[in-house]
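Notes follow once the structure below has been shown.
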Amino acid sequence: MNQVDLHCHTTASDGVLSPAALVARGAGLGLKVIAITDHDSTDGVAEAMAAGTKYGVVVIPGVEINTDVPGSEVHILGYFVDHADSALNETLLRLRDGRVDRARRMAELLSAMGAPVRFERILELAGDGAVCRPHVARALVEAGHAATFQDAFERYIGRNGPAYVERLKLTPLEACGLIRKARGLPVLAHPVYFDHFGKIKAAFDLDRGLVQLKAAGLVGIEVYYPGYDAIAIEYLLSQARVHGLLVTGGTDFHGIRPNEPDLGDVYVPTKAVRRLREAWDSQKGGTGTYGRLPETGTVG
Ligand SMILES: [Zn+2]
Ligand SMILES: [Zn+2]
């Protein structure tokens, strides 16, 4: 059983479980360490950390910042960020406001093409969290314009869909800087994907890009991720070795799709947590607001 999941979404972004419910679920599944990494929001961190104390789970405060590279998105995780940092939260709020504007424009486009969904309903589905495309997809399914969540993405709001709208974004380098300023550790999320032929692809040239990102403060890359096979993992481990980066992993749990991995379903070496913690201690001097991590040996 895995004891670590370093990539989880709650209702503070587009996850289904509240921060407390997610931590309770993780505890029930035997997890010892959970990082809360909501899109462009740290709003779920405090509740998750309180739940972590209650359920005996170490909760690492985190965030996942959506950034833009030509033709694609790159996600930067930030571990041990100071979730009360006002500069960080102001920028995240601006990114989320961008999401609301984007959702409004998508609703307008959908109406114009004969698949109307109410903007208010999209916001309702987002609740207190950051409004995201999955909320638009759910509204489309509810309104009967799409058969499934995936159908909604394929026909309307996927990157090449007719109702897809770009939104305000940072560059990956800017996101690394932002996380660093909030005393967090930037990590490149899910660096690769597979094309239709099963070939490993990346949103940018990793060999050169990782050099730049490391110079901007990147400390690690996500190596263990749903769908990554032995070849992808070996490739990413070699990138980590070449660039001197730490290795992380997680399920990217949202709780939305019935077939998605549950919390803890992706192998993550427990030493990943120790290494992250050491990196954070060495930059911060060993004091902080995060929950206490287990002593060496109690995990793994
Ligand atoms: Zn992501
Ligand atoms: Zn994610």
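Start at 1 with the first residue, then count along the sequence. All ligand and atom numbering here is 1-based and tracks the order in the structure.
Considering just the N/O/S atoms of H190, the one nearest the Zn ion (ligand 1) carries the name NE2. Among heteroatoms of the N, O or S kind in D252, OD1 lies nearest the Zn ion (ligand 2). The name of the N, O or S atom in E64 nearest to the Zn ion (ligand 2) is OE1. Looking at H7 and the Zn ion (ligand 2) together, the shortest N, O or S contact belongs to NE2.
Ring geometry, H9 versus H254: the interplanar angle falls under 30°, so the pair is classed parallel (tilted spans 30 to 60°). Ring geometry, H7 versus H190: the interplanar angle falls under 30°, so the pair is classed parallel (tilted spans 30 to 60°).
Using a 4.0 Å cut-off between a side-chain N of Lys or Arg and a carboxylate O of Asp or Glu, D205 and R208 qualify as a salt bridge. Using a 4.0 Å cut-off between charged nitrogen and carboxylate oxygen, R121 and E124 count as a salt-bridge pair.
Here H75 does not reach the Zn ion (ligand 2): none of its N/O/S atoms is less than 2.8 Å from the metal. Note on H39: not counted as a metal contact of the Zn ion (ligand 1), no N/O/S atom lying under 2.8 Å. Not a single N, O or S atom of H254, from either the backbone or the side chain, sits less than 2.8 Å from the Zn ion (ligand 2).
Under the 6.0 Å cut-off for aromatic ring centres, Y228 and Y224 do not qualify, their centroids lying 6.0 Å or more apart.
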Decide salt bridge (Lys or Arg N to Asp or Glu O under 4.0 Å) for D43 and R96; before the verdict, give the C-alpha distance in whole Å, the side-chain angles of both, and the deciding distance to 0.1 Å.
CA-CA 12 Å; D43 291 353; R96 293 205 300 280; 3.4 Å; yes
